[in-house]
Amino acid sequence: MKPAPTHSYPGLNLGRGRPGAHKATEVVTFGFWVFLMSDLVYFGLMFGVYITMIDAQAGGPGPHELFDLYSIFAQTLILLTSSLTVGLAMLALKYDLPRGRIVLWFAVTLLLGLSFLFLEIRDFMSMADKGGIPQRSGFLSALYGLVPLHGLHVAAGCVWLVVLGIQLRVMGMTDLVVSRMVRLALFWHFLDLIWIGIITIVYFGGLTYG
Amino acid sequence: MDRHSELHRRERRRYVIGYGGSLLLTLAMFGAAHWFGIETRGVYLTIGLLGLAQLIVQLVYFLHIDRRRSSREDLDLVLFSTLVLLIIIGGTVWILGNLAMRMHMPVM
């Protein structure tokens, strides 16, 4: 007989510390991973549209007038740090640290997610001030189709965090809630991966080829 | 109990390594853009490779997807999705770029 695999779904595995949650989590989390991969293909389509639209500026404002790399840098650091804090929350969960620690790391993640959204919306507003609105050119339509799509995912993640916080309070640390936390962490890490694609292709690519 | 906290330390180190690596790669990316100017194609190629490296670091250290044996084929799924993505993006850019060239539109 083969020994049981040490790793049965993407992300941090809860393992023997929480056998109930581990079993319940395995199948659903793999299904969630399949969903994330199809989400990735959707993002890929938007990236494809953006790349082909990069020259279609129709005399409107282009990347050099619109992009603020300092703000993008800050957003990158915030999102990266939130990916770490969500990982620390998962570790606290796996190794049975006091519940306060778990809630603390999730709360820090929520705060970082909200500050990311704040900076991103501020960027969009300053872009709109310079005439960079979606209907101005094909390039801007593609830009507004892709970057806010990621922002929407982050916003959904923030709502998810709040809902999980409420569920944790009402239902307690049940296997179901724990298993949802596992998927939230996976979702959050995935968003950071998409963001790396966005800074590389949308922002740096836009500045190089736009 | 000792083994428990030992494991905890090891797994936490994994996350910290992933974070530190990603941080360094991010700094290198923005540093390259800042000091060497983003308009040069060579610099952009470097930035692209740094981005790719960061994707791999995060997949391995945050999402724990690597070549270890797992009961489900997470890595295969990632690789297949990447293949689909390459066909979609590469195909789109190829077809539309070719079209733009034949219609004598400016650079594509």
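Below, chains carry the letters A, B, ... as their sequence lines are ordered, and counting in each starts from 1.
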Please classify the contact of [X] with chain A as side chain, backbone, both or neither, using a heavy-atom distance under 4.5 Å.
{"X": "B/L23", "result": "both"}
{"X": "B/I38", "result": "both"}
{"X": "B/L86", "result": "neither"}
{"X": "B/L55", "result": "both"}

Quiz prompt | Contact listing (chain B partner; residues 107-117 of chain A; heavy atom under 4.5 Å) | solution =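 No residue falls under the 4.5 Å cut-off.
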
Quiz item: Would the A/F43 and A/H153 ring centres measure less than 6.0 Å apart?
Solution: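 Aromatic pair counts; centres sit under 6.0 Å.
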
Quiz item: Taking the six-membered ring for Trp, is the centroid-to-centroid distance between A/F204 and B/F30 below 6.0 Å?
Solution: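 Under 6.0 Å, so yes.
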
Exercise. On the 0 to 90° scale, with breaks at 30° and 60°, tag the A/F187-A/W160 ring pair as parallel, tilted or perpendicular.
Key: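 Rings of A/F187 and A/W160: tilted, as their planes differ by 30° to 60°.
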
Quiz item: Pick from A/T200, A/I196, A/V202, A/I201: which one makes a side chain to side chain contact (heavy atoms under 4.5 Å, CB included) with A/I198?
Solution: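 Exactly one candidate clears the test, A/V202.
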
Quiz item: Which heavy atom of A/I102 sits nearest a heavy atom of A/A92, and at what distance?
Solution: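 Closest approach of A/I102 to A/A92, heavy atoms only: CG1-CB, 3.7 Å.
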
Self-check item: For the student: nearest non-hydrogen atoms of B/E11 and A/Y95, plus distance
Solution: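 So the two residues come closest at OE1-OH, 2.8 Å.
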
Quick check on [X] against chain B: is it the side chain, the backbone, both or neither that has a heavy atom closer than 4.5 Å?
{"X": "A/I72", "answer": "both"}
{"X": "A/Y70", "answer": "side chain"}
{"X": "A/V86", "answer": "neither"}
{"X": "A/T81", "answer": "both"}

Exercise. Report yes or no: do A/D123 and A/Q75 form a side-chain donor-acceptor pair below 3.5 Å?
Key: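 The criterion, which ignores hydrogens and geometry beyond distance, is satisfied for A/Q75 and A/D123.
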
Exercise. Report yes or no: do B/Q58 and A/S83 form a side-chain donor-acceptor pair below 3.5 Å?
Key: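 No.
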
Self-check item: Chi angles and distances behind the salt bridge (Lys or Arg N to Asp or Glu O under 4.0 Å) call for B/R9, B/E6
Solution: CA-CA 5 Å; B/R9 231 193 342 268; B/E6 166 67 26; 3.0 Å; yes

Quiz prompt | A/H64 atom NE2, over 12 foreign heavy atoms within 6.0 Å | solution =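 Yes, enclosed.
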
For the candidates [options], which exhibits the highest count of non-hydrogen atom pairs separated by less than 4.5 Å from chain A?
{"options": "B/M29, B/H8, B/H34", "value": "B/H8"}
{"options": "B/G90, B/S81, B/G91", "value": "B/S81"}
{"options": "B/T92, B/I47, B/I88", "value": "B/I47"}

Quiz item: Does B/T40 reach the main-chain N or O of B/V43 with its side chain, forming a donor-acceptor pair under 3.5 Å?
Solution: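 No.
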
Self-check item: Best-contacting candidate, A/G44, A/S38, A/G197, against chain B by heavy atom pairs under 4.5 angstrom
Solution: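 Heavy-atom pairs under 4.5 Å are most numerous for A/G44.
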
Quiz prompt | Top contributor to chain B contacts, counting heavy-atom pairs under 4.5 Å, from A/L69, A/V49, A/D192 | solution =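 Heavy-atom pair counts peak at A/D192.
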
Quiz item: With sequence neighbours left out, what residues match B/I17 under side-chain contact (heavy atoms from CB on, under 4.5 Å)?
Solution: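 Applying side-chain contact (heavy atoms from CB on, under 4.5 Å) to B/I17 gives B/R13, B/Y61.
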
